[in-house]
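One structure is given below, encoded as structure tokens.
In listed order, ligands and their atoms are each counted from 1. Note: hydrogens, waters and symmetry copies are ignored here, and every other heavy atom, side chains too, is used.
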Amino acid sequence: MRQSTRGDVDPFIVMDVMESARKAEAAGRSIIHMEVGQPGTGAPAAALTALKSDLSDTLGYTVGLGLPALRTRIARHYDDIYGIDLDPARVVVTAGASGAFVLAFSALFDNGDRVGLGLPCYPSYRQILRAMGLTPVEITTTPQGRFQPQPGDVDGLDGLIVASPANPTGTMLSKTELAALAYACEDTNTALISDEIYHGIDYGTRAVSALEVTDDVYVINSFSKYFSMTGWRVGWMVVPADHVRQVERLAQNMFICPSHASQRLALHAMDARPELDANLEVYAANRALLLEGLPKAGFGTFAPPDGAFYVYADVSDHTDDALAFAAEILDRTGVAVTPGLDFDPQDGHRWLRFSYAGSTADIAEGLRRLTAFMAER
Ligand SMILES: Cc1ncc(COP(=O)(O)O)c(C=O)c1O
């Protein structure tokens, strides 16, 4: 049967690494997962307990924009965390950040529109844009610019996606930097999309929301990371007031609504902060271990990991083929790591991403194996 060219997107290499790691594990090997970008924990226990009593309800479709109680609770979250007075009407509940991208790109762009993304970045931005007939424009970034796009990069674009903290680097944009990007976008009629999925996972400095500098933005967030609910597939978007109706029409037609049970769980999870903050203590301990141990193992050049749970290390002293290097590391040590090619088709062949979202015992063991492997090499 015929196939579209729009569907001809690249594979998500980390998923392939996960599959190799799974096969090795199934064959009885001890595998340390430093490839996965998801918390080792599940949804908060208190939220799961509360969900149990919801399950006797019918849980039919919700309205397209999401449960009103959840939209109101998300708006309150902006007041609690950022001191922003947000109208719940601007909140759209989605099937994860991934579902939000599809809605945002549909609402903002026409066929062929040019949407900028700073390399390295989350790979699916590029692939979803392509699958939707849009043109991803890869922006080269620098270590001095914290691997983030700069205001001068915005010219000639119809849209710009930024993420702070970013995946894979973990770098963040300051309020001044975010404001400069927002103003550059306003000046050039470029739609700004701010992926804030790693908000809540930072180390000393709170991540700034684009909503603190402008209302002329699509902010995308998710229950997958801080709220530790990857598999429940629920996230949200905040859009300008005059975009709500258009997004609602798209959401109704594309998805009807996000999973009702997941929305209920998300609502309960928003009141489980003490349990979720305990996860942060684990990430902080893991991060400290890696920041000390990776340079000793021979991975000493990395992006400043301000937030999220990744270290993105330059491995060009050891290889110019990060894919083969990651396969060798998995084979010889049982530690699964992600080659940079997912995030950066131009330069990713000399980078590896280490995720420290797992348990501290696992990260310590992973580091021990990596150190021994590099010492023998
Ligand atoms: C930067 C970034 N944005 C979006 C996503 C997708 O998240 P979700 O599970 O909410 O669809 C991820 C997943 O790892 C991510 O790293």
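Ring pair Tyr78/Trp236 is perpendicular by interplanar angle, where above 60° counts as perpendicular and below 30° as parallel.
Atom 3 (N) of ligand 1 has Asp195 OD2, 2.7 Å as its closest protein atom, hydrogens excluded (heavy atom only). In terms of protein heavy-atom proximity, atom 11 (O) of ligand 1 is closest to Ser98 OG, 2.5 Å. Regarding atom 14 (O) of ligand 1, its nearest protein heavy-atom neighbour is Lys225 NZ, 2.7 Å. Residue, atom and distance of the protein heavy atom nearest to atom 7 (O) of ligand 1 are Ile197 CD1, 3.1 Å.
Of all the listed residues (Tyr198, Phe223, Trp232, Tyr310), Tyr198 holds the heavy atom that lies closest to atom 16 (O) of ligand 1. Closest heavy-atom approach to atom 4 (C) of ligand 1 within the set Phe343, Tyr122, Phe227: this belongs to Tyr122.
Between Gly37 and ligand 1, no N or O atom pair is found at a separation short of 3.5 Å. Taking any N or O of Thr230, backbone or side chain, none lies under 3.5 Å from an N or O belonging to ligand 1.
Residue Glu212 comes nearest to Lys175 through the heavy atom pair O-CE, 4.0 Å, listed as atom of the first residue, atom of the second, then distance.
Using a cutoff of 4.0 Å between basic side-chain nitrogens and carboxylate oxygens, Glu19 and Arg22 are scored as salt-bridged. For the pair Arg146 and Glu177, the salt-bridge criterion is not met [side-chain N within less than 4.0 Å of a carboxylate O]. A salt bridge links Arg90 and Asp215; the closest N-O separation between the charged side-chain nitrogens and carboxylate oxygens is under 4.0 Å.
Under the ring-ring contact (aromatic ring centres under 6.0 Å, His included) rule, Tyr310 has a single partner from Tyr198, Phe302, Trp351, Tyr283, which is Tyr198. Checked against Glu186 for a side-chain contact (heavy atoms from CB on, under 4.5 Å), the options Leu192, Thr214, Val154 give a single hit: Thr214.
Residue contacts with ligand 1: Tyr125 is included, with a non-hydrogen atom under 4.0 Å away.
Heavy atoms of Arg233 found under 4.0 angstrom from ligand 1 belong exclusively to the side chain. By the criterion of a heavy-atom distance under 4.0 Å, neither the backbone nor the side chain of Ala163 is placed next to ligand 1.
Atoms of ligand 1 found under 4.0 Å from any heavy atom of Ser224 (numbered from 1 in listed order, with element): 8 (P), 9 (O), 10 (O). In summary, the atoms of ligand 1 found under 4.0 Å from a heavy atom of Phe101, numbered by their order in the structure, are 3 (N), 4 (C).
Residues Phe105 and Ile128 form a side-chain contact, since some pair of their non-hydrogen atoms from C-beta on lies under 4.5 Å apart. With a 4.5 Å cut-off on side-chain heavy atoms, Pro120 and Arg353 do not count as touching.
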